[in-house]
**Student:** 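Just passing along the structure, written as structure tokens.
First listed ligand is number 1; within each ligand, the first listed atom is number 1.
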Amino acid sequence: MERVNTVLVIARLDADWSALVDLLSERQGYRVLTAAAESDALQLAHDVHIDLTIAEDGNKEFDGCALLAGLRLSHPDVMRVLVLAKSSRLSARALREASLYQYLRKPLDVEQAALVVARGLETRELARRHRLIAREFKMTDSGSEIANQHHMSFQAQAQSQRFEKLVYVSEKMSTLCDLAKTAARTDLPILIQGETGTGKELLARAIHYNSSRKTSPLLVQNCGGMNDELLQSELFGHRRGAYTGAVSDRLGLFRAADGGTVFLDEISDVSQSFQVSLLRFLQEGEVKPLGSDQTTQSNVRIIAASNRPLAHLVSRGEFRRDLYYRLKGFEFEVPTLRERTEDIAALAEFFAAKHSEATGRKILGLSASLIEKLSHYDFPGNIRELENEIRRLVVLTGDGEYLTTRHLSPAVQSAMKRQPADRSNGFTPKGVTLKDQVESLERHLVEKTLHRHRWNQSKAADELGLSRVGLANKIRRYGLNQEGPHER
Ligand SMILES: Nc1ncnc2c1ncn2[C@@H]1O[C@H](COP(=O)(O)OP(=O)(O)O)[C@@H](O)[C@H]1O
Ligand SMILES: [Mg+2]
């Protein structure tokens with residue numbers, strides 16, 4: 001899969017900046033996103049994978065240098081370029097904190113800026129490859145336990161895939177993300193279902209930023225626990241005086257997001273009457289603010305999410321069938337983490353890197369036993385719970401150490417190895433080699449059968465399909481006797 005570099009331009013787009021944006025996207029083929037305010041820039045950095053950002057300093061709305069310094073902490077692997085105002089001076093300290101790749105000075109020389117961006121991205125790619133090779137070298141160089149631990153965690157990340165901010169290795173997520181990329185290119189509504197913490201919102205964001213609507217807003221409304229009037233006015237807007245407390249006109253999300261996407265979270269919670277309004281909006285694309293008799297058109301794509309299965313609510317008559325069908329132009333069921341335990345190692349690695357970089361901790365990696373423990377746990381809170389767990393471990397682990405099972409929360413700590421549901425009734429064979437395990441299982445089955453038949457050897461031999469002599473041999477071989485310890 002070819003990866004297109006993403007460049008975030010943080011500036012008020014005057015003629016020079018617009019020329020740069022065109023040049024970067026059309027001639028150099030980057031994906032270019034723009035933000036004119038600090039909050040937009042931070043939101044984008046949260047939602048989308050960004051490779052390089054070029055920010056304007058001396059902007060009235062924000063301090064570009066400080067913004068880049070903040071971004072360095074939250075997203076350390078984004079390359080940073082600053083464009084200084086003509087005569088502005090920056091302290092050495094401010095420059096150091098932002099740890100810039102380069103800075104330029106206004107008036108903006110568009111060709112020069114484009115060149116700096118291109119070279120910056122090359123440097124970043126080289127650094128990335130260097131890191132990979134260096135790690136690989138270290139691994140093959142030494143056979144120590146540490147190197148093995150490193151090897152294990154490194155492998156998980158090396159094989160992981162990305163869809164914007166989603167990290168995964170499992171077949172399930174891979175199929176889901178491929179379909180999501182296809183869905184993103186259409187304009188159909190999307191319904192995302194799945195337990196809480198599985199990544200529904202992250203998927204919605206990824207879809208928006210892979211759609212033709214990506215340069216228009218993505219606005220989010222949580223529909224849970226909202227009364228009708230409030231929800232109506234948030235989404236459709238209201239006129240001043242439409243109800244007590246409506247002291248001024250309000251635009252409403254559906255119009256504010258015109259050309260973009262509205263993400264409706266916890267859609268299962270909305271009332272019947274709101275369902276009617278929403279259905280009408282989906283059919284007509286018309287917005288009528290509360291207290292107004294004028295309608296306006298708005299073109300938004302709806303992505304809805306629910307952690308309760310809507311089909312079930314429809315069959316119970318609690319959710320309108322026609323709305324359900326309207327919403328699910330595409331339908332995604334994000335699997336729980338316990339249904340894709342292959343993702344646990346890659347995600348744990350990703351969160352460890354993310355939080356150690358954000359807090360400045362120098363963590364060496366994850367121990368193999370930690371990854372094993374994590375993969376035995378059920379994660380009722382899914383990925384959100386895994387991230388919280390890793391964040392805590394990072395904070396409690398010293399520089400130059402590995403994350404281990406030591407500080408795991410009690411729930412994870414006491415997770416038991418998953419039992420294979422086979423005929424041995426939850427018995428886990430001992431030993432490493434196949435021969436040892438087979439013998440251990442054989443011993444267990446012989447002993448259990450004898451026990452059940454109160455040591456009547458003929459009956460036990462019959463049940464096991466052995467001759468009496470054969471059974472006697474096994475009893476001798478394994479040193480079994482009537483009083484012996486029974487493994488249940
Ligand atoms: N595949 C993933 N890769 C990386 N982070 C993820 C992934 N899925 C979820 N997360 C993170 O887990 C948390 C919960 O995800 P969110 O999208 O809010 O879940 P939901 O909306 O289903 O409750 C967020 O912090 C999100 O960034
Ligand atoms: Mg959510």
**Student:** Mind jotting down which residue pairs meet the ring pair (Phe, Tyr, Trp, His ring centres under 6.0 Å) criterion with at least one end in residues 183-237? Sequence neighbours excluded, please.
**Tutor:** F236-F254

**Student:** So E357 and K354, salt bridge (charged side-chain N to carboxylate O under 4.0 Å, His left out) or not? Walk me through it.
**Tutor:** CA-CA 5 Å; E357 272 156 9; K354 173 177 158 188; over 6 Å; no

**Student:** With sequence neighbours excluded, tell me which residues meet side-chain hydrogen bond (donor to acceptor under 3.5 Å, both in side chains) with R321.
**Tutor:** none

**Student:** Which atom pairs, donor and acceptor, lie under 3.5 Å between side-chain atoms of residues 282-289 and protein residues at least two apart or in another chain?
**Tutor:**
none

**Student:** When you compare the side chain of F330 with that of I207, does any pair of heavy atoms fall below 4.5 Å?
**Tutor:** no

**Student:** Counting only heavy atoms and a distance below 4.0 Å, can you name the residues contacting ligand 1?
**Tutor:** K165, L166, V167, E195, T196, G197, T198, G199, K200, E201, L202, L347, F350, F351, I383, R384, E387

**Student:** Show your reasoning for whether salt bridge (charged side-chain N to carboxylate O under 4.0 Å, His left out) applies to E234 and R250.
**Tutor:** CA-CA 8 Å; E234 286 295 323; R250 187 183 179 97; 3.2 Å; yes

